K.L.:
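Pasting in a structure now, in structure tokens, and then I'll have a few things to ask.
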Amino acid sequence: MAELTARMGNLGLGDSVHAGGAPNNASGQRAAYIPPHLRAKMQAQHASASGAAAQHAAPPINAANSSIGNSRWASAPTPAESHIQRQPNGWAAAPTFTPSNNWENPEPRPQRSMDNQGYNGGGYGRTAPGEGTWRDGKHVPGPPNPRLERELFGTANDPSKQTTGINFEKYDDIPVEASGTDVPEAVIAFTSPPLDPHLLTNIELAHYKQPTPVQKYSIPIVANGRDLMACAQTGSGKTGGFLFPILSQAFKQGPSLLPAGQNQGFGRKKAHPTSLILAPTRELVSQIYDEARKFAYRSWVKPCVVYGGADITSQLRLIERGCDLLVATPGRLVDLIERGRISLANIKYLILDEADRMLDMGFEPQIRRIVEGEDMPGVHSRQTLMFSATFPRDIQMLARDFLKDYIFLSVGRVGSTSENITQKVEYVEDQDKRSVLLDILQAHQGGLTLIFVETKRMADNLSEFLLNQKFPATSIHGDRTQRERERALEMFRTGRCPVLVATAVAARGLDIPNVTHVVNYDLPTDIDDYVHRIGRTGRAGNVGISTAFFNRGNRGVVRELIDLLKEANQEVPAFLESIARESGGMGGGRGGRGGGGGRGRGQSGAKDFRRYGGGSGGLGGSGGGFGGPPNSSFSGPGGYGGGSYSGGSAGYGGGNGSNGGYGNGGNGGYGNPASWW
DNA sequence: AAAAAAT
């Protein structure tokens, strides 16, 4: 424990806590708390005041309130921000760069024999406006299409189309760690060394100016043919992290030739995409597809999307027009493979977004089926990229099955939540949650508020309650129809329903500008879910607030929550510390997963398990140290994870130190998770 | 125990 304390001290974290139970809102002037039994009267007043409803009406979303490409809600843009600094036209004037591998000189691709008209994405129709071709070994971008351009990139008046902002200069301070063999040097700009020129024009249209840290590394890593496991904090540009390099390569190299014997398209309608992106929810898949359309604009690359709950015939039509880059949820993809409409034989890039989620118990069999059970090229014949904000140790071990000699990239603080998010935790008993929520919504006007609950039923109940309270709320969860889900998201995005009650379906990856507040009405039992949830705000360099309702029912995550708050330089309420003490060392509730970290959450966000107490185990003796029972909050191979934090000696390793920097000191971290209660 | 993902 002394070591843990010392570590915290090293981080320069103060002990400052504030008293629980007297919470403040963002502006520090929340209305006095009204107990539930008095609430009815207040409601009556509230409802009768017609002005109150108007007060909660959709906040204004207009040009005056958001600068182009930098859709900041709370703070008005400065004049400087409202004028996009265009990149100079001299892309080509970028400094020279000596490629360590195949950067500048991509292997020339054989042209398709059938290709008299030029490759148009393997489709059967003509090239549509806004699409390009590959002809005579050259990329021939299509002509600009103003209407499509507006649809894809939005306008100044439509911030709901503006996704990630451009406050990337703030990212320069973010620590980046890359481990693995022969890590390529990071790029310093999109133009240095340059991405494909056509991609640069699209990046410019999207108002991206600088690569984020994860992009600076992922671009050369992919260009050098390496596999990647990237752990980057929420809102730090992971989507661009894989889209930019794979599209740049595609634009430079052109379509790959199908292996002999495969049908080339005439006759049977079977798509052979070269890139496959898998993600855990339909909405996230849809969002990635929208991004892919932007950056593939006017190019020969045709992006496609498939997911369940939506009309399959329109998805099939899209595929038939040509399918080079496919974004999919697992179930629908398997369906289409079984129908013989998609082949994975031509895959060069496999991307798992939210990879830890894709490889957890619920999804892993489907992923294994797609990656190992179909006609996907083997691990050595493709490039595999995995991205997430969190990457628990055991999932990292699982992920090895799909990767070859990969580079592990860690972007951001150890805990991987952004410091742009102000995290609050309030002590609220279950029966008081509605009241406190109303107070919060009352006080927090002018942005979008995303409220997370644990169950679909609760999502329905709570959104109905809020509607009755005249808050324009809606809900999203897996029991709603896809149409309802998409409508709810759209209402939320556009601000017509600035309050969205959501289950875990909305926890990951969704990039919704202007979400200024995330409320964990119910805390998740997995702290990584908390990390992803609050990551819906404070994106792309903007700031956000998160509020969690905590009571003794959540003591299972108290230790991990405290650690997380400390790591993110947030205040830790006194009641959390005391509940943690009450719960003693048994607070963890799930010693298993965190193993490597020894603090329960196991530095799930940011440590390459190969370096920090990883390996295939076996080295070193028993856990020792803090090992204790599997569900102890100090479980695992002891202290700071068997491995050394700084290499060399046992470091923080606790344990018995016998295995120095490697080996996990036995299996302590893999005890069965404690029961749920 | 819950959510998500094919029909």
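As the structure is a computational prediction, the values presented were derived from the model and not from experiment. Numbered from 1 within each chain, the chains take letters A, B, ... in sequence-line order. No hydrogens, no waters, no symmetry mates; every other heavy atom, side chains included, goes into these values.
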K.L.:
Among residues at least two apart in sequence or on other chains, which ones pass salt bridge (Lys or Arg N to Asp or Glu O under 4.0 Å) with A/E374?
P.N.:
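Listed in chain order: A/R369.
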
K.L.:
Just distance, no hydrogens or angles: give the donor-acceptor pairs under 3.5 Å from side chains in residues 447-458 of chain A, sequence neighbours left out.
P.N.:
unit_1, atom_1, unit_2, atom_2, d
A/E454, OE2, A/R533, NH2, 2.6
A/T455, OG1, A/M458, N, 3.0
A/K456, NZ, A/D479, OD1, 3.2

K.L.:
Quick one: salt bridge (Lys or Arg N to Asp or Glu O under 4.0 Å) partners of A/R317, sequence neighbours excluded?
P.N.:
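Counting only residues at least two positions away or on another chain, A/R317 forms no salt bridge (Lys or Arg N to Asp or Glu O under 4.0 Å).
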
K.L.:
Please enumerate all residues that pass salt bridge (Lys or Arg N to Asp or Glu O under 4.0 Å) together with A/D290, with sequence neighbours excluded.
P.N.:
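With sequence neighbours excluded, A/D290 shows a salt bridge (Lys or Arg N to Asp or Glu O under 4.0 Å) to no residue whatsoever.
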
K.L.:
Suppose the criterion is salt bridge (charged side-chain N to carboxylate O under 4.0 Å, His left out): which pairs have a residue in residues 228-247 of chain A, not counting sequence neighbours?
P.N.:
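Listed by first then second residue: nothing to list.
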
K.L.:
Round to a whole Å and report the spacing from CG of A/N554 to P of B/dA2.
P.N.:
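So the two atoms are 15 Å apart, to the nearest Å.
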
K.L.:
Between atom CE in A/M458 and atom P in B/dA2, what is the gap in whole Å?
P.N.:
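About 12 Å, once rounded to whole Å.
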
K.L.:
Expressed in angstrom and rounded to an integer, what is the separation of A/L510 atom CG from B/dA4 atom C1'?
P.N.:
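So the CG-C1' distance, A/L510 to B/dA4, works out to 13 Å.
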
K.L.:
Could you pick out which residue, A/M361 or A/Q482, lies toward the 5' side of DNA chain B when each is mapped onto its nearest nucleotide?
P.N.:
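The residue closer to the strand's 5' end, by nearest nucleotide, is A/M361.
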
K.L.:
Check this for me: does the side-chain of A/R282 come within 3.5 Å of the base of B/dA4 through a donor and an acceptor?
P.N.:
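It does not, because no donor-acceptor pair links the side chain of A/R282 to the base of B/dA4 below 3.5 Å.
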
K.L.:
Is any NZ, NE, NH1 or NH2 atom of the basic residue among A/D401 and A/R368 found under 4.0 Å from an Asp or Glu carboxylate oxygen of the other?
P.N.:
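The answer is yes: the pair qualifies as a salt bridge.
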
K.L.:
For residues A/F387 and A/V214, determine if any side-chain heavy atom of one lies less than 4.5 Å from a side-chain heavy atom of the other.
P.N.:
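A side-chain contact under 4.5 Å exists here.
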
K.L.:
Heavy atoms only, 4.0 Å cut-off, all strands: where does A/V505 land among base, sugar-phosphate and nothing?
P.N.:
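Sugar-phosphate: the residue A/V505, judged by heavy atoms under 4.0 Å, touches backbone atoms but no base.
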
K.L.:
To the nearest Å, how far apart are A/D335 CG and B/dA5 P?
P.N.:
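Those two atoms, CG and P, are 15 Å apart.
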
K.L.:
Could you state the atom-to-atom distance from CG of A/L523 to C1' of B/dA3 in whole Å?
P.N.:
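Between C1' of B/dA3 and CG of A/L523: 16 Å.
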
K.L.:
What's A/G362 touching, base or sugar-phosphate or nothing? Going by heavy atoms closer than 4.0 Å.
P.N.:
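Base, at least one base heavy atom under 4.0 Å.
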
K.L.:
Does A/T455 put a side-chain nitrogen or oxygen below 4.0 Å from OP1 or OP2 of B/dA1?
P.N.:
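Answer no for this pair, as no side-chain N or O of A/T455 is under 4.0 Å from OP1 or OP2.
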
K.L.:
Quick one: A/L352 CG to B/dA5 P, roughly how many Å, whole number?
P.N.:
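Nearest whole value for this atom pair: 16 Å.
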
K.L.:
For A/T281 and B/dA5, is the shortest distance between a side-chain N/O and OP1 or OP2 below 4.0 Å?
P.N.:
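For B/dA5, neither OP1 nor OP2 has a side-chain N or O of A/T281 closer than 4.0 Å.
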
K.L.:
Let's see if you get this right: which residues in residues 367-377 of chain A place a heavy atom under 4.0 Å from DNA chain B?
P.N.:
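Here the set is empty: none.
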
K.L.:
Categorize A/R485 for me: base, sugar-phosphate, or nothing, with a 4.0 angstrom heavy-atom threshold over every strand shown.
P.N.:
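Sugar-phosphate contact only - A/R485 comes under 4.0 Å of backbone atoms but never of a base.
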
K.L.:
Of A/G308 and A/E454, whose nearest nucleotide on DNA chain B comes first from the 5' end?
P.N.:
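Taking each residue's closest nucleotide, the earlier one in sequence belongs to A/E454.
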
K.L.:
Figure out the CG/P separation between A/L333 and B/dA5, and round it to whole Å.
P.N.:
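After rounding, the reported distance stands at 15 Å.
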
K.L.:
B/dA2 C1' sits how many Å from A/H532 NE2, rounded?
P.N.:
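Distance, rounded to whole Å: 17 Å.
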
